[in-house]
Amino acid sequence: MKIENHLKEIIQQAFQALYQESIDAPKLDATRPDFEGDYTLVVFPYLKQSKKNPEQTAGDVGAWLKENSEFVADYNVVKGFLNLVISDAYWTSFVKENLMDMDAHLHPNSGQGEKVMVEYSSPNTNKPLHLGHVRNNLLGYSVSKILEFNGYEVIKANLINDRGIHICKSMLAWMRFGNGETPDSSGIKGDHLVGKYYVAFDKAYKEEVNALVAEGKTKEEAEKNAPILLEAQDMLRQWEAKDPETIQVWETMNGWVYAGFEETYTRMGVAFDQYYYESKTYLLGKDIVNEGLSKNVLYQKEDGSVWIDLSAEKLDQKLLLRSDGTSVYMTQDLGTADLKYEEHKMPRSIYVVGNEQDYHFKVLFSILNKLSRPYAEGLYHLSYGMVDLPSGKMKSREGTVVDADDLMNEMHQTAEEITRELGKIEGLSEEELFQLFEKVGMGALKYFLLKVDPGKRILFDPRESIDFQGNTGPFLQYTYARINSLQTNAPRWSFTQYDGSLEAQEKALIRLLHDVPQIIVQAGISYSPAIIANYSYDLVKAYNRFYHDLPILKEENQAKKELRLQLSKATAETLAACFEMLGIPKVEKM
RNA sequence: GCACCCAUAGCUCAGCUGGAUAGAGCAACUGCCUUCUAAGCAGUAGGUCAUAGGUUCGAAUCCUAUUGGGUGUACCA
């Protein structure tokens, strides 16, 4: 970071000295590995200033920098590319100044304590979590951690969709077919039990629809008038009227679901600072609609329904209040946005929600903008792609979902098989082994989902198990364990300083460690765990090469040995930080 | 119909605000454990970056069109 600023400044000075021209701070690239050098300046954009050809310009500037910068040890010119070789002295002094105590290095304070809310997970309480939810949870949690490393104060929020017609469907089916079944009586995890009745409802509903069609009704009529559906709708009205019996079933069944979710969340390693419940927020937002009407941001049709016209932004017209005065999803999201801000006054707020709701959030943010909410500028929809199966989209009703709990069990099991096959587990107790399989399994799953750019969809093929070799979570964990073992085997040592020359493998490693702060900042700016994941992989690759090619404990030169131990330690600490940001468990021995 | 997103090796993905001969992993084939953990390291093979134009000294990256895939567009949530 510092060296880049130095180079940018001194390059500007070079143009001043050589050509009496001032240029903007130049862009520097990392030199490609097949050329000699650390940083590369592309001189094409500056030929107007130099009035010379590319080779001459690069040569002039290179020579001047070598002469006038204490850090530029050498340079070479390939066509219009000026490759700068930074002195080993810079890198070794960087090790001394930044890698001994890495705390500041790993916590770039780009957020400066600013508050930010990350809303994620936001499940429905009528069925268990599936792989799509897993992606959401891991993304939301990871982004929260990344922002914390960037110095933000993060509020992790979960807005639970705990009411509505879909909840009533499970309730009704349970009342009708359940015979008082509970998680305790059946041994079924609460969220799965409720999900079972959601499916049961759908089955009964379809049967009724078919029966009505057989009686001669059209499909549309049948779908609207199936008795069980009418009953569910009636139940929703009773719920809204706070009918005690309905409320009691609702509370009981939601309680089962929460207990089940809590188990799954704990196992996934995600957590929340605050829960919002739609049962408490679903009536919010109507006063905002009135405010919008008085400000002429919204308009009312003759039937009384309220709309916003966003056709100027190519977003068409959107309903905000039905003609009977009841609200829609958008209305309550307006209200919840205000509520969150009143409570926390955070300048920035992130919604981790799938890309099928891109349009919804565009409209939501646009409305809040037009209503000049002070927080409107800081709203961001972290839109992520669906997790698809080879057969297409996951459909809970068609039974093609990959269940979160099942998947985690499978990951654990696969980790166990592979670990036992590899051996190396002597001396571990059964409990320790269980923990190891769990950590490795979760590491594989999390890395698999987080290494992909959030915006892109993920294809998950259940027939091909998630890898444990190559570009995977376990490879990262393995490298960490390797360093850990190295440190346990190392006799007492302490690094003070190293002034000698550096091997290519050492320099490659130092360079990666050097660049961590930019990586963390970049991941924060783009809300992308994938940047951390990919960096971790690069780091681990460089470390394994270093470890393979160079002796560490067996190095006879004491200063070199200590440098290598220090680099190993710094790599482990950096990896630990990456693990924390990705929510991947550390493994001390594997 | 309209809007938005995506298209890179057989498969799964990198490629930062345009920069040098487009990189990994998996799968295939070769080597490397009497040496600090082989879940590792090294190598071979594999690509007209969907297609066609354009902008530029320079395009996988920016613009336009086309093709192919996905999503959204309800007085549903």
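Below, chain A is the first sequence line, B the second, and so on; all start at residue 1.
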Any chance the side chains of A:Asn83 and A:Tyr75 put a donor and an acceptor closer than 3.5 Å? no

[X] side chain: which of [options] is closest?
X	options	answer
A:Tyr547	B:rC36, B:rC13, B:rG72	B:rC36
A:Phe475	B:rA14, B:rA77, B:rA39	B:rA39
A:Leu486	B:rA14, B:rC36, B:rC13	B:rC36

All N/O contacts under 3.5 Å from nucleotides 3-8 of chain B to the protein, with atom names and distances to one decimal?
none

Pairs under 3.5 angstrom, nitrogen or oxygen only, protein versus nucleotides 68-70 of chain B, please.
none

Any residue of residues 414-424 of chain A with a heavy atom less than 4.0 Å from an atom of RNA chain B: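 Heavy-atom contacts with RNA chain B come from A:Ile418, A:Thr419, A:Leu422, A:Lys424.
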
Reckon A:Val440 touches a base, only the sugar-phosphate, or nothing at all at heavy-atom distances under 4.0 Å? base

Identify, with sequence neighbours excluded, every residue that meets salt bridge (charged side-chain N to carboxylate O under 4.0 Å, His left out) alongside A:Glu588.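 Partners of A:Glu588 under the salt bridge (charged side-chain N to carboxylate O under 4.0 Å, His left out) test: none.
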
Under the salt bridge (charged side-chain N to carboxylate O under 4.0 Å, His left out) test, residues paired with A:Glu119 that sit two or more places apart: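 Partners of A:Glu119 by the salt bridge (charged side-chain N to carboxylate O under 4.0 Å, His left out) criterion, ordered by chain and then number, come out as A:Lys340.
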
Phosphate OP1/OP2 of B:rA77: any A:Arg163 side-chain N/O under 4.0 Å: no

Strictly below 4.0 Å: does A:Asn489 bring a side-chain N or O up to OP1 or OP2 of B:rU37? yes

The complete set of salt bridge (charged side-chain N to carboxylate O under 4.0 Å, His left out) pairs with one or both residues in residues 311-337 of chain A, sequence neighbours excluded, reads A:Glu313-A:Lys370

So which pairs with a foot in residues 555-572 of chain A pass salt bridge (charged side-chain N to carboxylate O under 4.0 Å, His left out), sequence neighbours left out?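 Residue pairs passing salt bridge (charged side-chain N to carboxylate O under 4.0 Å, His left out), neighbours aside: A:Glu503-A:Lys560, A:Glu506-A:Arg564, A:Glu555-A:Arg564, A:Lys569-A:Glu573.
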
How would you summarise protein contacts on nucleotides 25-33 of chain B per nucleotide, using B for base, S for sugar-phosphate only and - for none, with heavy-atom distances below 4.0 Å? SS-------

Just the table, please: protein N/O against nucleotides 18-23 of chain B N/O, every pair under 3.5 Å.
residue	atom	partner	partner atom	Å
B:rA20	OP2	A:Arg32	NH1	3.4
B:rA20	N6	A:Thr40	OG1	2.9
B:rA20	N6	A:Asn83	OD1	2.8
B:rA20	N1	A:Asn83	OD1	3.3
B:rA20	N1	A:Asn83	ND2	3.3
B:rG23	OP1	A:Arg32	NH2	2.7

Name every donor-acceptor pair, under 3.5 Å, that has one atom in a side chain of residues 531-540 of chain A and the other anywhere in the protein, sequence neighbours excluded.
residue	atom	partner	partner atom	Å
A:Asn534	ND2	A:Ala530	O	2.9
A:Tyr535	OH	A:Leu512	O	2.7
A:Ser536	OG	A:Ile532	O	2.7

Any Lys/Arg nitrogen of A:Lys393 or A:Asp388 sitting under 4.0 Å from an Asp/Glu carboxylate oxygen of the other? no

Less than 4.0 angstrom from a charged side-chain N to a carboxylate O is my criterion; do A:Asp202 and A:Lys206 meet it?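 Yes, charged N to carboxylate O under 4.0 Å.
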
Of A:Val540 and A:Phe448, whose nearest nucleotide on RNA chain B comes first from the 5' end? A:Phe448

Name the residue closer to the 5' end of RNA chain B, choosing between A:Ala481 and A:Asn124 according to the nucleotide with the nearest heavy atom.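 First, find each residue's nearest nucleotide; the 5'-ward one identifies A:Ala481.
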
Can you tell me if A:Glu36 has over 12 outside heavy atoms packed within less than 6.0 Å of its CD? no

Output all residues satisfying ring-ring contact (aromatic ring centres under 6.0 Å, His included) with A:Phe15, sequence neighbours left out; order by chain, then residue number. A:Tyr19, A:Tyr46

Expressed in whole Å, how much space separates the C1' atoms belonging to B:rG19 and B:rA60?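 After rounding to an integer number of Å, I get 13 Å for this pair.
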
Given the rule that a pair is Watson-Crick or G-U wobble with both distances under 3.5 Å, how would you write RNA chain B in dot-bracket, using | for pairs to a different strand? (((((.(..((((.....[...)))).(((((.......))))).....(((((..]....)))))).)))))....

